[in-house]
Student: 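Sharing a structure here in structure tokens format.
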Amino acid sequence: MSMQDNQVVNFIYTLRFHGEELIETSAGKDPATYLHGHGNVIPVVRKSHGREKQVGDEFEVNGGVLADAYGRSP
């Protein structure tokens with residue numbers, strides 16, 4: 001099933017600094033939840049969860065898109 005507007009989406013995430021240092025994770029906790037198609041998540045999540053994603057898909061988001069969401073490191 002592909003994601004559609006007005007659908008509740010749950011996802012588990014892990015955010016790492018330069019792919020190494022753990023910053024934050026929802027693994028082992030309740031997943032993050034949002035209503036798809038309403039712009040109520042940070043842009044990097046919205047862009048990476050496009051309509052082509054299917055239930056159960058795994059993916060990574062790297063590089064500049066995270067910096068755009070959280071700010072560039074010094």
Side-chain angles (χ1 to χ4, degrees):
M1 168 185 252
S2 63
M3 294 190 331
Q4 303 293 321
D5 287 352
N6 300 314
Q7 185 176 40
V8 175
V9 175
N10 297 305
F11 65 99
I12 298 169
Y13 67 92
T14 299
L15 179 61
R16 295 184 180 275
F17 184 70
H18 293 291
E20 298 174 14
E21 179 187 346
L22 178 66
I23 297 172
E24 183 177 299
T25 186
S26 65
K29 304 174 188 171
D30 290 334
T33 303
Y34 74 98
L35 186 61
H36 192 69
H38 292 269
N40 53 3
V41 294
I42 59 174
V44 65
V45 172
R46 186 172 55 252
K47 289 176 186 175
S48 66
H49 283 184
R51 293 188 193 287
E52 71 279 356
K53 296 291 186 247
Q54 302 291 316
V55 172
D57 280 357
E58 293 184 16
F59 59 93
E60 290 186 18
V61 178
N62 296 301
V65 292
L66 289 177
D68 290 344
Y70 289 98
R72 304 238 176 231
S73 62

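Note that the structure is predicted; figures quoted are calculated from it, not measured.
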Student: Compare every heavy atom of Ile12 with every heavy atom of Pro31, then report the nearest pair and how far apart it is.
Tutor: CB-CG1, 4.0 Å

Student: Please identify each residue that fulfils side-chain contact (heavy atoms from CB on, under 4.5 Å) with Asn40, with sequence neighbours left out.
Tutor: Tyr34, Leu35, His38

Student: Which pair of heavy atoms, one from Gly37 and one from Asp5, lies closest together, and at what distance?
Tutor: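 Looking at all heavy atoms of both residues, the closest pair is CA-OD1, 3.3 Å.
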
Student: Give a yes or no on whether the backbone of Tyr13 and the side-chain of Thr25 come within a donor-acceptor separation of less than 3.5 Å.
Tutor: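 At least one qualifying donor-acceptor pair exists.
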
